[in-house]
Amino acid sequence: MASRGSILLTGGAGFIGSHVAVEVAAAGWTPVLLDNFCTSERSVVARVGEVVGAPVRCIEADIRDAQAMRAAFGSTPMHAVIHLAGLKAVGESVEKPELYHDNNVRGTEVLLAAMDEFGVRRMVFSSSCTVYGMPQRLPIDESHPLGAINPYGQTKLDIERMLDRWADACIDRHVCSLRYFNPVGAHASALIGESPLGIPNNLMPFVVKVARGELPELGVFGGDWPTHDGTGVRDYIHVVDLARGHVVALEQLDSMHHDCINLGTGAGLSVLDVVHAFERVNGVKVPYAIGPRRAGDAAAAYADASLAEQRLGWRARLGLDDMVRDAWAFATRSAC
Ligand code: NAD
Ligand code: UDP
């Protein structure tokens, strides 16, 4: 089948980008990855190719490098950009706010300048539910007040505002910011998934490491939250569902100016819901201990996912059992 055109995926070798690349290819586009591998491994590119069934091109570059970005756009006409490149560790962003601004915000400025130079007018951006700050009401819909509670969240807000201005400056620019809730899981092939460097900050990769015996137990951040079992509640979404969301957004970009859309399931699941499902589905033990709350955490955050359904015809298909099964299959396969 002839390609429908090339799509540049910044951060395409990352956890989410690698899954988006697979879905982009499945929809008949040619994904072109662009990554500096600061938080991912080069081997991911070949594994994406294995899933797709053909080699996938990857440009090794930093989005902050204007010359490299010009070379990337000069090498192939790009129909659109899916902009996933970014640093995402909340704790690190508190320690290094300038790095986060430079990488995420300035990097996006450089990217947009290169897109302008080559007449690329379409972008899907990896935003986050962090732009809502502390939840003031649940479920969280797109009209929820915005506000950053850490430097990482500030970068996402700054970029959304930048994209407002970019879209406003020209009638035929089209942007969709997808506000992800909590992406977890892995591709069913177990060839691509989440493999954070060092001790993970997020729940699912931490649970995986405990199940593998690499960490002794999960510290549950608080057992006295006002939730159904006292532990924190989040909206976990399977990364393959999330990746499909990018393709439907891409397909409908031309009817958008700058639309901001939640990608979540709409269901709130607790830490213990995740732990118990992981143990039941995978037949492994996840020792845990309830400890103090983590500073800056919310009791609960979950999406009103109805706009994605109305606007994109998208809804999550996979559930918690799929998420924990696929996360474990990837972890155990990549351990071989
Ligand atoms: P990831 O760290 O696995 O992937 C990010 C990729 O971007 C990596 O491959 C990294 O090497 C690359 N990158 C970073 N800075 C770069 C730069 N300056 N130039 C080129 N490449 C660069 O993270 P992920 O989970 O796949 O996240 C992808 C995007 O989604 C990020 O923008 C993140 O903020 C956003 N997001 C992630 C989550 C989540 O929980 N995973 C939630 C909401 C939003
Ligand atoms: N959590 C936990 N122990 C951990 C990591 C996370 O109890 O080691 C809890 C955390 O308090 C929250 C949920 O798991 O209720 C999801 O946390 P994560 O950091 O993955 O996502 P975020 O809080 O950024 O939505």
Side-chain angles (χ1 to χ4, degrees), residues 9-20 33-42 44-45 58-65 68-69 72 82-91 93 99-100 102-104 106-108 110-111 125-131 150 152-153 155-156 159 177-184 192-197 199-207 209-210 215 217-223 225 227 231-237 239 242-243 246 263-264 268-275 288-302:
L9 275 67
T10 70
F15 168 46
I16 298 168
S18 54
H19 292 81
V20 174
L33 316 189
L34 184 144
D35 208 296
N36 67 355
F37 301 107
C38 64
T39 59
S40 56
E41 290 169 13
R42 286 176 180 74
V44 170
V45 179
C58 182
I59 301 167
E60 182 161 352
D62 190 307
I63 55 166
R64 292 167 293 181
D65 180 343
M69 295 311 292
I82 302 183
H83 178 32
L84 304 115
L87 298 172
K88 62 166 186 180
V90 171
S93 79
L99 170 67
Y100 272 65
D102 188 63
N103 195 79
N104 296 2
R106 194 175 70 78
T108 304
V110 174
L111 169 64
F125 169 59
S126 292
S127 192
S128 166
C129 65
T130 188
V131 297
N150 54 61
Y152 165 67
T155 69
K156 293 295 177 193
I159 295 168
S177 289
L178 296 173
R179 294 175 174 162
Y180 311 160
F181 278 68
N182 291 60
V184 295
I192 51 173
E194 187 171 21
S195 32
L197 308 166
I199 296 182
N201 300 303
N202 296 113
L203 178 65
M204 189 67 83
F206 204 106
V207 165
K209 284 212 184 262
V210 172
L215 293 169
E217 67 179 14
L218 169 72
V220 177
F221 298 147
W225 294 104
T227 60
T231 66
V233 162
R234 295 290 182 274
D235 186 341
Y236 298 95
I237 170 168
V239 64
L242 189 82
H246 292 68
L263 288 185
L269 296 166
S270 74
V271 175
L272 292 185
D273 291 335
V274 172
V275 169
Y288 68 85
I290 309 270
R293 293 179 178 187
R294 178 171 65 178
D297 258 1
Y302 48 92

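Counting convention: from 1, in listed order, for ligands and their atoms alike. Scope of the values below: all heavy atoms of this structure, side chains included, with no hydrogens, waters or symmetry mates.
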May I ask you to test the [X]-[Y] pair for a side-chain heavy-atom distance under 4.5 Å?
X    : Y    : answer
L272 : Y288 : yes
K209 : I199 : no
H83  : I63  : yes
N201 : F206 : no
I237 : Y180 : no
P205 : F15  : no
E60  : R42  : yes
T231 : I290 : yes

Relative to the heavy atoms of [X], which atoms of ligand 1 are at a distance of less than 4.0 Å?
X    : answer
S40  : 8 (C), 9 (O), 11 (O)
A13  : 9 (O)
G11  : 6 (C), 7 (O), 12 (C)
S127 : 43 (C), 44 (C)
S126 : 29 (C), 30 (O), 32 (O), 35 (C)
F37  : 11 (O)
P183 : 39 (C), 40 (O), 42 (C)

Task: L218 contact mode with ligand 2 (heavy-atom cut-off under 4.0 Å) - done: side chain
Task: ligand 1 contact on P196 by region, counting heavy-atom pairs under 4.0 Å - done: neither
Task: Residue portion contacting ligand 1 (non-hydrogen atoms closer than 4.0 Å) for K156 - done: side chain
What do you reckon, does [X] put a non-hydrogen atom under 4.0 Å from ligand 1?
X    : result
N103 : yes
A61  : yes
G107 : no

Provide, to 0.1 Å, the distance between [atom] and the closest protein heavy atom, together with that atom's residue and name.
atom                    : value
atom 37 (C) of ligand 1 : I16 CD1, 3.7 Å
atom 21 (O) of ligand 2 : N182 ND2, 3.1 Å
atom 11 (O) of ligand 2 : D297 OD2, 2.6 Å
atom 3 (N) of ligand 2  : G219 O, 2.8 Å
atom 17 (C) of ligand 1 : N36 ND2, 3.4 Å
atom 41 (N) of ligand 1 : K88 NZ, 3.4 Å
atom 8 (C) of ligand 1  : T39 OG1, 3.2 Å
atom 28 (C) of ligand 1 : L84 O, 3.4 Å
atom 15 (O) of ligand 2 : G232 CA, 3.5 Å
atom 34 (O) of ligand 1 : Y152 OH, 2.7 Å
atom 18 (P) of ligand 2 : N202 ND2, 3.5 Å
atom 9 (C) of ligand 2  : V271 CG2, 3.6 Å
atom 19 (N) of ligand 1 : I63 N, 3.0 Å
atom 30 (O) of ligand 1 : Y180 CE1, 3.3 Å
atom 20 (O) of ligand 2 : L203 N, 2.9 Å

[atom]: which of [options] has the nearest heavy atom?
atom                    : options          : value
atom 16 (C) of ligand 2 : F206, Y236, F221 : Y236
atom 17 (O) of ligand 2 : R294, M204, R234 : R294
atom 9 (O) of ligand 1  : D35, N202, N182  : D35

[X] and [Y]: which non-hydrogen atoms are nearest, and at how many Å?
X    : Y    : value
A289 : E217 : CB-OE2, 3.4 Å
N104 : I159 : O-CD1, 3.3 Å
L197 : C38  : CD1-O, 4.2 Å
W225 : A298 : CZ3-C, 4.1 Å
M69  : D62  : SD-O, 3.9 Å
F181 : D235 : CB-O, 3.4 Å

- [ ] Before giving the answer on side-chain contact (heavy atoms from CB on, under 4.5 Å), spell out for S40 and D35 the whole-Å C-alpha distance, their side-chain angles and the decisive distance to 0.1 Å.
- [x] CA-CA 8 Å; S40 56; D35 208 296; 3.4 Å; yes
- [ ] Starting from the C-alpha separation in whole Å, work towards a yes-or-no answer on side-chain contact (heavy atoms from CB on, under 4.5 Å) for L218 and V271.
- [x] CA-CA 10 Å; L218 169 72; V271 175; 4.2 Å; yes
TODO: Looking only at distances, please establish whether an N/O atom of ligand 1 is found under 3.5 Å from an N/O atom of G14.
DONE: yes
- [ ] Say whether C38, considering both its backbone and side-chain N or O atoms, lies within less than 3.5 Å of an N or O atom on ligand 1.
- [x] yes
TODO: For the pair E194 and V239, evaluate side-chain contact (heavy atoms from CB on, under 4.5 Å) and give the outcome as yes or no after the intermediate values.
DONE: CA-CA 10 Å; E194 187 171 21; V239 64; over 6 Å; no
Task: Evaluation steps, side-chain contact (heavy atoms from CB on, under 4.5 Å), between L242 and H19 - done: CA-CA 9 Å; L242 189 82; H19 292 81; over 6 Å; no
Open item on the list: Does the plane of the ring in Y100 sit parallel, tilted or perpendicular to the ring in Y152? Use 30° and 60° as the thresholds.
Closed with: perpendicular
Open item on the list: I'd like to check whether V220 has a polar contact with ligand 2, where a contact means an N/O of the residue lying under 3.5 Å from an N/O of the ligand.
Closed with: no
Open item on the list: Give the atom numbers and elements of ligand 2 that come within less than 4.0 Å of a heavy atom of N201.
Closed with: 5 (C), 19 (O)
